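Structure record follows, encoded as structure tokens.
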Amino acid sequence: MKKNIRNFCIIAHIDHGKSTLADRLMEQTGSVAKRDMQSQLLDSMELEREKGITIKLTPTRMKYEQSGEEFVLNLIDTPGHVDFTYEVSRSLAACEGAILIVDASQGVEAQTLANAYMAIDANLEILPVINKIDLPSAQIEKCKQEIEDVIGIPADHAPCISAKDGTNISEVLEKIVTEFPAPKGDENAPLKALVFDSFYDNFKGAICLIRIFDGSVKVGDKIDFMQAGKRFEVTEVGVFTPKMEMAESLSAGEVGYLAASIKSLSDVHVGDTITLVDNPTLDPLPGYKLVQPVVYCGVFAVDGSRYNDLKEALLKLKLNDASLQFTPENSTALGFGFRCGFLGLLHLEIITERIEREFNLEIITTAPSVSYKVIKTNGEEVEISNPSNLPNPVEIAQILEPMVVASLFSPPEYVGAIMELCQEKRGIYKNLVYLDKSRVRIDYRLPLGEIIYDFFDKLKSATKGFASFDYQMDGMLESKLVKLDILLKGERCDALSLIVHESSAYARGRAIVEKLKKIIPRQLFEVPIQAAIGNKIIARETISALRKDVLAKCYGGDVTRKRKLLEKQKEGKKRMRQIGSVEIPSEAFLSILKLDEDK
Amino acid sequence: MIGIYVHIPFCESKCVYCAFASFVKDESFQSDYFEFLNKEIRTCKFEDRQVSSIYFGGGTPSCVKPEKIVEVLTTIKNNFKVSENAEITIECNPCSTSLEKLEAYHSAGFNRISFGVQSLDSKMLKFLGRRHDKAQALDAIKKAKAAGFENISADLLLGLPKERVLKDAKCLMRQGVKHISAYMLQLEEGTKLKSLVEGGEVELPSEDKVVKTYQKLCKLLQKNGFAQYEISNFAQNGFKSQHNYAYWTGRAYLGFGLGAHSFDGAFVRWANADNFEDYFLGKQNKECLSPAQRDEEIVMLGLRCDAGFDKTKLSFDIEKVPAFKQLLANNILIQKGNKVFLNPTYYNISNSVIIKLLP
């Protein structure tokens, strides 16, 4: 039985056609009737479909017949974004093979390489597939050559397909069976199952997506999550077709799901090993890691009275996304809200957008920050993810900031611009390789804090969108960082504080006060805007007092029109936040991130 | 005691900045309008019949035949009890004002004239689409005095290109006007002026400059015995506009004619349709004010003028609004007993103050 199972995933750079190929495979194996096909079936969340990216993994079991033999193909979809690297690595660990899609018109990109390396590290058999051969700009041979040169795997046998119009999909299916190994493992050994994802079901509780390596599991089994140290009784097992379909049991080599009346997703850790309480395995699966947020920001309701709605929204989102972290935060400027931790900027963007869309809540987010490690002069070590909590400079012995290693792929003409950008972002040069005449790979070690600021936008504009970029976390590094405070009419606005490198503090301070001067409307009084490091003012602008705010004449007793104009103005004021006696618009809090826009 | 407003929606031509209900129409159309207008007044059932002020505005009331105007005033007098000392105003355009007309108005009972002078720069007037020049404006004031009017008001526009409103105000005071209204030019949607400014063909003075001029004008008028009793209105002792005052102090008023607005003095506002077709069908828009809306009006209207507002008339406790104390402390608001006033120095930013006070 096991010899007729193939567990595989599809990996690709964004937009190279991963989801479209998955759709085709399901269609050709009859896993979904054509009339039920909704384009990109696996990307089930509305937001994912809109952004054209896959965030959540949804596995699918397909039946496929070859030479009279029936095979079970388990496709484990992976999120293609750097924010979810750990999830990807666990999904890969559940597979024996990986289809590596490369867009024939684009060639190897940053994520192609990052994902391919991860698959190689996971000892997967890799099947390159050249996609989008229907495009006039497709360069099949060049693309194959790039795969061989850059990634270092043979590509002469790669199927050349068009997932869009269905060309050569059967060749891919054939190769899945012939190229990828069947799973190994012993059905009779103690249970050893990998949790590679989870989601929350309102009726069944937390659902674990699992790959069985050894043994088997069935309803009624008492199980043990080895890392979390939690025990449950299995209430349901099954497979995805892609709908959930109950099964009697799951055994070695199989991929499926398990429910056990688990009340909270926080008990289910991706990467954990499940075993049986009565007959436990001695060695859990390797590679387990507790995922920690890397990007933090404050989240507040625009209408301060909706704090409880915001809390409700975050709790509900957390049910389905254990990686979201939040703790209550009180800001003098923004009132009560939450400091939220995310896996990355995309994760941040998705969560904040879901709060607004699914819970109909308007929110203010403060500038994203990374988590710094501060060693105080008294030897105490603290993690700081909210800039306004940074201790007084005299108490700080050392600040360390998180670093990443970044690989950038680009046509050679932009090398200069990329290096300049990385240098400006305090990058440490590592390596430069000419892959062929038209492509260069550049490696830099960069502070994460610089990447979450405006790196993507600047890279895009510096390379006209031709460069691609991926990164991995790479430890901490001591750095000369300072807290930049913004004062409005002499009062510090905590929600606008930033931690920046000493060398850029003046420029950032100046740019921020200039930007705020444009954004904050005139008030009844003159409002000085200052940027300060500690007690030292480094930049100042002044908003002069409001001069004219008066309604037109009250003609012929038309009071209603006047009142409506006033009400409109009053409505606009609800979006304003009060700092001391100064009113500032909600947009101001994020605008300080987009300082170059007007230049 | 109520005020009555009569709207005469006709003009000889349309000015570049005008967004009001005014139209260029022939005489037979005008006759139909007046017939309907008189009927409207005759059939009005409003309970309070005691009238303390009447105001004929437009459009340009002086551009229609004076008999028509006199006829409407007579209708009002026949159907309401008009106080003996009632203020009865007619808006006039300096160019359509002959001595005969002015005498006809005066003998019919009008006792106040409001001239739409706007500027005394003949070139500017031409640009604005006004049909008079400086000489005609000054001549009209002279004729009004000759016809027996003492209470003469002149409108000026603030914020025109090549601002010279201070000079114009001085000139008008020398001519003996008793009341000056100085409105800041507003760029209204759909006006010719707006498209000229947006197209870069006309450059208006900056907001800061306009406000500076406005403040200078307030000072100049004050010095010459014209007290500022509202954001845009200045009068010598005894010459405040009673009719406009009624709007700001929440008294009842009835509006007759195209697009005219009425208020019952408590919670109901209604307005006639502002297109002829619907107006002739008697269509109206009615609105009942919620207590919160009435509060907004009391604060908004009271702070526009020297009448202030009575804080006990509000449905909420203004003392609990945090900004209230702050504004008093900063001398932006002034409190006398239960009355609250806006410091005239801050008239130019009245909206921001009003909004701060509303819950």
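Note on naming: letters A, B, ... go to the chains in the order of the sequence lines (proteins, then strands), and numbering restarts at 1 for each one. Values below: all heavy atoms of this structure, side chains included; hydrogens, waters and symmetry mates excluded. It should be emphasised that the depicted structure is a prediction, and the values quoted were computed from it without experimental measurement.
- Partners of B:Glu207 by salt bridge (Lys or Arg N to Asp or Glu O under 4.0 Å), not counting sequence neighbours: none found.
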Apply salt bridge (Lys or Arg N to Asp or Glu O under 4.0 Å) to B:Glu287 and A:Arg561, showing your working.
-> CA-CA 12 Å; B:Glu287 181 187 30; A:Arg561 175 164 173 262; over 6 Å; no
Validation: residues 321-332 of chain B side-chain donor-acceptor distances under 3.5 Å, sequence neighbours left out:
| unit_1 | atom_1 | unit_2 | atom_2 | d |
| --- | --- | --- | --- | --- |
| B:Asn330 | ND2 | B:Gln326 | O | 2.7 |

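- No salt bridge links B:Glu296 with A:Lys564; every basic N to acidic carboxylate O contact stays at or beyond 4.0 Å.
- Counting non-hydrogen atoms of other residues, nucleotides and ligands closer than 6.0 Å to CG of B:Asp208 gives a total above 12.
- Under the 4.5 Å side-chain criterion, counting only non-hydrogen atoms from C-beta, A:Lys570 is not in contact with B:Ile354.
- To the nearest 0.5 Å, the span separating CG on A:Leu566 from CD on B:Glu297 amounts to 10.0 Å.
- Considering OH of B:Tyr5 and CG of A:Asp558, their distance stands at 10.0 Å, rounded to 0.5 Å.
- Heavy atoms from other residues, nucleotides or ligands lying under 6.0 Å from CZ of A:Phe336 number 12 at most.
- Judged as a salt bridge (Lys or Arg N to Asp or Glu O under 4.0 Å), and not counting sequence neighbours, the contacts of A:Glu362 are A:Arg575.
- Only the backbone of B:Tyr347 comes within less than 4.5 Å of a heavy atom in chain A; its side chain stays farther off.
- The shortest distance between side-chain heavy atoms of A:Arg563 and B:Arg294 does not fall below 4.5 Å.
- The two atoms that bring B:Val211 and A:Arg547 nearest to each other are CG2-O, 3.4 Å, heavy atoms only.
- Judged by distance alone, the side chain of B:Asn348 and the main-chain N or O of A:Lys548 form no donor-acceptor pair under 3.5 Å.
- A 4.5 Å side-chain heavy-atom check between A:Glu567 and B:Gln293 finds at least one atom pair inside the cut-off.
- Under the 4.5 Å side-chain criterion, counting only non-hydrogen atoms from C-beta, A:Gln569 is in contact with B:Asn351.
- The interface of residues 521-546 of chain A with chain B, defined by heavy-atom distances below 4.5 Å, comprises A:Arg522, A:Leu524, A:Phe525, A:Leu546.
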